[in-house]
Amino acid sequence: MKILVVEDDRPVAQTLQLLLSGYSYAVDVAEDGETGLAMAEAFQYDLILLDVMLPGQNGIDVCRQLRTKGLKCPILLLTGQGGGQQKAIALNAGADDYVVKPFDTDELIARVQALLRRGGPTTQPILTWGNLSVDPGNRKVAYGTHLLSVTPKEYAILELLLRNPQRALSTRSILEHVWTSLESSGEETVRVHIKELRQKLTAVGAPKDFIKTQHRVGYQLNLLYSSASLPPPTEPLTVPQFAELNAVNAELRTAIEHWQSMYAALQQQYQELKTAYHTIVQDHQQLQVDRGELELRVTERTAELVVATQSWPQPDQQEWQTLLEQSPEAIALVADDGHFLNVNSATCHLLGQSKDGLLYSRLVEFVLPDWTTHPGWQPVQILPEEAPCPHDRTVRAVECRAIASFAPGRHLISLQAVNHQPSLPAG
């Protein structure tokens, strides 16, 4: 099928040419109204796409002149205005349809195919001739259940023959409708394409004369094959064929019984899995309930312990200090880093310092390096073995007799003197 595009906007014209060529249409392009008018008179087109806004003569005038001269091919106007007045002007000028720019390509192709169907013997979207079917929407060709691989030109020839089934088309007419005006092809090219088409149709079961040659006239679809062929009548089976059919049926019955047995086994396994799943779900729910009850009991017991702990009598600070002072042993309360936090009088006497002085000191300044530390108390350093007692200038070795964790970060220790060394010489 051959289409003339009259469009002065070159990018739009090239887009239309590529789009329509993709659907196996032969496309000629004219860039102004005068050229379009001359080409429409000189060549035979199946459809004309005519832009309204053209230099020189506008599309409305060109359309009106073509109709005045008796041109009957469909005309599709391309307009930039979509109002009712513009549509009325286009239709009154003789246009068959119009599309508003910017156009949707799918809609444009649909309108083009609708206009081409309007002038044919059928308005159905799929063209058929017996077992042959051609779908212009997706450019597919089929014979019966077989898809044919055809070239764009072969497709265009088939579509042309299907749209004109009642008349024979000459090679010259096929050239004018399938090839563009700029393509230099001769009648021999048409004959080669017809030969290729016949070979492809015959390969899928079509009769050799499906495309009939009318001597000195042209080519036409054979009227004998215009209706779909019926399947051949069924012949009675022979004895060997009947025996083979019975054997095949027996195999099919065995296979069906096997699959039915497998299906029953699968159904039983499914039910067992379903039961196991429900059991697991119930166990999980019960575990959730038990966990919730356990967490509740732990929370309640913890609250009871907190209340009981808070009700325990706390030692009075004054009573603690009195007990510490009355102890004949040297007792001190020491922090993790070795600093004295509290001492009694016996400790002051043993170490030869006042209580205020000791509170600014550390235990490691007075204790031998081999004293044993509590696992929770690690002093930061080991000082010399001997330290002078300032009140009598004697050197005295002191050791820890016992260490106990009194509270977090607090250690209760008992001290005693190991021996006495001679006094240091006066300075």
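- To the nearest 0.5 angstrom, Leu49 atom CG is 12.5 Å from Asp28 atom CG.
- Residues Tyr219 and Leu169 fail the side-chain proximity criterion, which asks for heavy atoms closer than 4.5 Å.
- A donor-acceptor contact shorter than 3.5 Å links the side chain of Lys153 to the backbone of Val178.
- Taking every heavy atom of both residues into account, Gly59 and Leu50 meet most closely at O-CD2, 3.2 Å.
- When side chains are defined from C-beta on, Val12 does not count as touching Val5, because their heavy atoms never get closer than 4.5 Å.
- In this structure, Val141 and Leu132 have side chains that are in contact, with non-hydrogen atoms separated by less than 4.5 Å.
- Considering all non-hydrogen atoms of both residues, Lys200 and Thr151 come closest at NZ-N, 4.3 Å.
- A donor-acceptor pair under 3.5 Å is absent between the side-chain atoms of Asp135 and the main chain of Ile126, judged by distance alone.
- With hydrogens and angles ignored, the 3.5 Å screen pairs no side-chain donor or acceptor of Asp51 with any backbone N or O of Leu54.
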>> Set out, in order, the CA-CA distance, both residues' side-chain angles and the distance that settles side chain to side chain contact (heavy atoms under 4.5 Å, CB included) for Ile75 and Arg67, then state yes or no.
In response: CA-CA 10 Å; Ile75 297 177; Arg67 292 305 187 209; 3.5 Å; yes
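- Panel note: side chain Gln220, backbone Pro165; a donor-acceptor pair is recorded below 3.5 Å.
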>> Could you go through Phe210 and Asn222, starting from their C-alpha distance and side-chain angles, then the distance that decides it, and tell me whether this counts as side chain to side chain contact (heavy atoms under 4.5 Å, CB included)?
In response: CA-CA 5 Å; Phe210 190 86; Asn222 198 325; 5.7 Å; no
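- Leu77 has its side chain within reach of Ile60: a pair of non-hydrogen atoms, C-beta onward, lies under 4.5 Å apart.
- More than 12 heavy atoms of other residues, nucleotides or ligands sit less than 6.0 Å from atom CE of Met39.
- Taking the side chain to side chain donor-acceptor pair (under 3.5 Å) definition, one finds that Asp290 meets it with Gln286, sequence neighbours left out.
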Show me, pair by pair, the donor-acceptor contacts under 3.5 angstrom made by side chains of residues 260-280, not counting sequence neighbours?
from, atom 1, to, atom 2, distance (Å)
Thr275, OG1, Gln271, O, 3.0
Thr279, OG1, Thr275, O, 3.0

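- Side chains of Thr213 and Arg198: a donor on one and an acceptor on the other come within 3.5 Å.
- Listed by chain and number, the residues in a side chain to side chain contact (heavy atoms under 4.5 Å, CB included) with Leu341 are Leu333, Ala335, Arg410 (sequence neighbours excluded).
- Around the NZ atom of Lys195, the shell of radius 6.0 Å holds no more than 12 heavy atoms that belong to other residues, nucleotides or ligands.
- In this structure, Gln166 CD and Leu221 CG are separated by 9.5 Å, a value rounded to the nearest 0.5 Å.
- In this structure, the side chain of Lys101 does not engage the main chain of Leu78 through any donor-acceptor pair within 3.5 Å.
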> Going through the distances and angles, do Leu71 and Ile48 end up as a side chain to side chain contact (heavy atoms under 4.5 Å, CB included)?
Replying inline: CA-CA 11 Å; Leu71 184 70; Ile48 298 175; 3.6 Å; yes
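- When all heavy atoms of Ala40 and Leu66 are compared, the pair lying nearest together is CB-CD2, 3.7 Å.
- Atom CD of Glu41 sits about 3.5 Å away from atom NZ of Lys69, to the nearest 0.5 Å.
- Listed for the Arg139 side chain is no donor-acceptor partner under 3.5 Å among the backbone atoms of Pro152.
- Interatomic distance, Arg216 CZ to Ser170 OG, rounded to the nearest 0.5 Å: 14.0 Å.
- Note on residues 159-186: pairs passing ring pair (Phe, Tyr, Trp, His ring centres under 6.0 Å), not counting sequence neighbours, are Trp179-His193.
- Counting heavy atoms from C-beta on, the side chains of Arg163 and Leu127 come closer than 4.5 Å.
- The distance from the OG1 atom of Thr180 to the CG atom of Leu175 is 11.0 Å, given to the nearest 0.5 Å.
- Without hydrogens or angle criteria, Thr347 side chain to Ile331 main chain gives a donor-acceptor distance under 3.5 Å.
- Using a 3.5 Å distance cut-off with no hydrogens or angles, the side chains of Tyr225 and Asp209 do pair a donor with an acceptor.
- Minimum interatomic distance between Gly56 and Glu34 (heavy atoms only, all atoms of both residues): CA-OE2, 3.7 Å.
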>> Using the rule given for side chain to side chain contact (heavy atoms under 4.5 Å, CB included), can you reason through Ile211 versus Ile157, listing the C-alpha separation, both sets of side-chain angles and the distance that settles it, and then say yes or no?
In response: CA-CA 11 Å; Ile211 300 177; Ile157 292 173; over 6 Å; no
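- Side-chain N or O atoms of Asp46 include one that pairs as donor or acceptor with a backbone N or O of Lys2 at under 3.5 Å.
- Taking 4.0 Å as the cut-off between side-chain N and carboxylate O, Glu300 and Arg297 do not count as a salt-bridged pair.
- Residue pairs meeting the ring pair (Phe, Tyr, Trp, His ring centres under 6.0 Å) criterion with at least one member in residues 38-69: none, sequence neighbours excluded.
- Residues Ile109 and Thr105 form no side-chain contact, since every pair of their non-hydrogen atoms from C-beta on lies 4.5 Å or further apart.
- Using a distance-only test at 3.5 Å, with no hydrogens or angles considered, no donor-acceptor pair links the side chain of Ser327 to the main chain of Leu324.
- The shortest non-hydrogen separation linking Cys63 to Ala95 is SG-N, 3.5 Å.
- The backbone N or O of Glu176 lies less than 3.5 Å from no partner atom in the side chain of Gln44, so there is not a single donor-acceptor pair.
- For Arg111 and Glu107, the salt-bridge test passes: some basic side-chain N is under 4.0 Å from an acidic carboxylate O.
- Rounding to the nearest 0.5 angstrom, the gap separating the OH atom in Tyr25 from the OH atom in Tyr155 is 6.0 Å.
- The closest side-chain heavy-atom distance from Leu76 to Asp96 is not below 4.5 Å.
- When every heavy atom of Cys348 is checked against every heavy atom of Val343, the shortest pair comes out as SG-CG2, 3.9 Å.
- Enclosure of atom NZ in Lys212 is not indicated, since only 12 or fewer non-hydrogen atoms of other residues, nucleotides or ligands lie within 6.0 angstrom.
- Partners of Lys140 according to the side chain to side chain donor-acceptor pair (under 3.5 Å) rule, which considers only residues two or more places apart in sequence or in another chain, do not exist here.
- By the 4.5 Å heavy-atom criterion applied to side chains, Ser361 and Gln353 are counted as neighbours.
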